[in-house]
Amino acid sequence: MTGGAAARFLLGAALLAVCLSGGVAAQDIPQAPLLTLDQERLFAESRFGMAIQKRYDDESATLLAENRRIEAALEQEERDLTDRRATLPQAEFQTLAEAFDAKVEEIRTAQDAKSRALTRRREEERQRFIQAVVPVLGEVMRETGAVAIIDKSAIILSFDRLDMTDTAIARIDAVLGDGTSPPAGADPAPGSTPTP
């Protein structure tokens, strides 16, 4: 299951399980049993989602710059080693060349691990986002009398007025902000662990 499919599945499952409570009325959404939601827009346009994406972009740029610096240093080291080849005994050059190859492989492994860790952190942040928005979306469901929210990409035909994405983004921004701290007096989403 891809990251996007897993996120859609988790969001759908969580929405069905969420406990609904009272709150402010949803605006511009009709009373309807089904609502639609563009999950990608919800993430990309909410302050919380944008903060996650910015952290990922910043960390990616830092890692890319580090990789370029390392690559330039290794290229210079390789040129220096090649220049020395004519002046070194074959056995000594071979030892240095093997040590250089081992160093390159070790660095590549370390940088690949950093890249994988960065991707894993982004996925964990997306899951934290989903857990945090479920109660907010559940509140909109309660206010509109909906029994389900369906991802807009899975719909063949619907009325645009059933799309709650704009309302959900506005509500999430108001309740969760950029996600750096839980809303005052709010209980964590079911199954989530409060962030210290």
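From a predicted model like this one, the values you see are computed outputs, not experimental measurements.
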> Do Ser115 side-chain atoms and Gln111 backbone N/O form a donor-acceptor pair below 3.5 Å?
Replying inline: no
Side-chain donor-acceptor pairs under 3.5 Å in residues 95-105, sequence neighbours left out?
unit_1, atom_1, unit_2, atom_2, d
Thr95, OG1, Ala91, O, 3.0
Glu98, OE2, Gln94, NE2, 3.2
Lys103, NZ, Glu77, OE1, 2.8
Lys103, NZ, Glu77, OE2, 3.4
Glu105, OE1, Arg108, NH1, 2.8

>> Can you confirm whether Leu176 sits close enough to Arg47 that some side-chain heavy atom of one is under 4.5 Å from a side-chain heavy atom of the other?
In response: no
>> To the closest 0.5 Å, what do you measure between CG (Leu35) and CD1 (Ile150)?
In response: 9.0 Å
> Rounded to the nearest 0.5 Å, how far apart are OG1 of Thr165 and CD of Glu40?
Replying inline: 11.0 Å
> Among side-chain atoms of Gln131 and Arg128, is any donor-acceptor pair under 3.5 angstrom?
Replying inline: no
> Less than 4.5 Å apart, any side-chain heavy atom of Val133 and any of Phe43?
Replying inline: no
>> Does Arg68, at its CZ atom, have more than 12 non-hydrogen atoms belonging to other residues, nucleotides or ligands within less than 6.0 Å?
In response: no
> Are Arg171 and Glu139 close enough for a salt bridge, meaning some N to O gap below 4.0 Å?
Replying inline: no
> Would you say Leu74 and Leu81 are hydrophobically clustered, going by side-chain heavy atoms of ILVMFWY under 4.5 Å?
Replying inline: yes
> Which pair of non-hydrogen atoms, one from Phe48 and one from Ala132, has the smallest distance, and what is that distance?
Replying inline: CE1-CB, 3.6 Å
> How close do Ser46 and Phe129 get, heavy atom to heavy atom, and via which atoms?
Replying inline: OG-CE1, 3.4 Å
>> Tell me which one of Ile149, Thr144, Asp38, Thr36 satisfies side chain to side chain contact (heavy atoms under 4.5 Å, CB included) with Met164.
In response: Ile149
>> Just so I know, are the side chains of Lys114 and Asn67 near enough to count as touching, which here means a heavy-atom distance under 4.5 Å?
In response: no
> Between atom CZ of Arg84 and atom CD of Glu92, what is the distance when rounded to the nearest 0.5 Å?
Replying inline: 6.5 Å
> Between Glu59 and Arg122, is any pair of side-chain heavy atoms under 4.5 Å apart?
Replying inline: no
> Does any non-hydrogen side-chain atom of Arg41 lie less than 4.5 Å from one of Asp166?
Replying inline: yes
>> Any non-hydrogen side-chain atom of Ile169 less than 4.5 Å from a side-chain atom of Leu42?
In response: yes
>> Can you see whether Gln76 engages Asp80 through a side-chain donor-acceptor pair at a distance of less than 3.5 angstrom?
In response: yes
> Is there side-chain contact between Glu106 and Thr109, with heavy atoms separated by less than 4.5 Å?
Replying inline: no
